[in-house]
Amino acid sequence: MPRLISRALAIGLLSLLAACATAPKVTKNTSKTFSTVVVDAGHGGKDNGAYRRFGGAEKIATLDVAQRLNRKLRESELKTVMTRSSDVFISLDERVAIENSQKDAIFVSIHFNDSRRRGIHGFETYYHSGDSFDLANQIQAKLMTIPHSANRGVHTANFRVLRLAYYPAVLVECGFLSNRSEGGQARDWEYRELLADRIAEAIVEQRYGPGVYRGSTQVAAQSQPASTGSDAAPAPAHH
Ligand SMILES: [Zn+2]
């Protein structure tokens, strides 16, 4: 009997260790010292993410915003790593591994939202560790400077890419594809440029302080009124 018990204990301990191995042992607060931004375009390949008539496939919009964000961060002299730069499937664990293999990074995951209720709209930013809260707040605040934006708040979430991250990690929901207005905007490259610009501004200010970011905010902001008219004339098509 004692042998059986000790064996059961050993197996129990082993499985406990295996469970622990998937969670970060120590998290590192690089929220004000990071040198690299891991830019994660949600979904991809066989995983479309949300798919709605107004907004199209989420994986297309996330990749475009992520690529624009990547370029803006590089122009701001931050190092970047993209988890994907084309329409390919990357597992959540691979995304975490890419992040955790960097030196002094933060992780920013780009998504669009979906709801069965078409009226729901607005931005949400998610985080898991307390070290990620400032970054999440900063991004949400900058998104709120976009005209007609709705604030659905900063929230904690147990998403795998956030929970297993060694560094500060946030997930940004850039509006609802299921909403006529936000779904339409998600298809507009000028609006996606604006989203990327505000997220880049938040990241650069998080690292270097206010007023440092030199993005294409002006150009993007000027194009904004034409593409947000909610009940005015239909937005012009961009080719
Ligand atoms: Zn998503």
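In listed order, ligands and their atoms are each counted from 1.
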- Query: Can E94 and R84 be said to form a salt bridge (charged side-chain N to carboxylate O under 4.0 Å, His left out), step by step?
  - Reply: CA-CA 10 Å; E94 284 174 87; R84 68 177 177 102; over 6 Å; no

- Item | All ring pair (Phe, Tyr, Trp, His ring centres under 6.0 Å) counterparts of F54, not counting sequence neighbours | none

- Query: In terms of side-chain heavy atoms, does E173 have a donor or acceptor partner in H111 at a distance below 3.5 Å?
  - Reply: no

- Who pairs with H128 by ring pair (Phe, Tyr, Trp, His ring centres under 6.0 Å), at least two apart in sequence or on another chain? none

- Task: Please test N137 against Y127 for side-chain hydrogen bond (donor to acceptor under 3.5 Å, both in side chains), starting from the C-alpha separation and ending with a verdict.
- Result: CA-CA 9 Å; N137 234 5; Y127 69 102; over 6 Å; no

- Output all residues satisfying ring pair (Phe, Tyr, Trp, His ring centres under 6.0 Å) with Y126, sequence neighbours left out; order by chain, then residue number. H155, F159

- Number of protein N, O or S atoms [distance to the Zn ion (ligand 1) under 2.8 Å]: 3

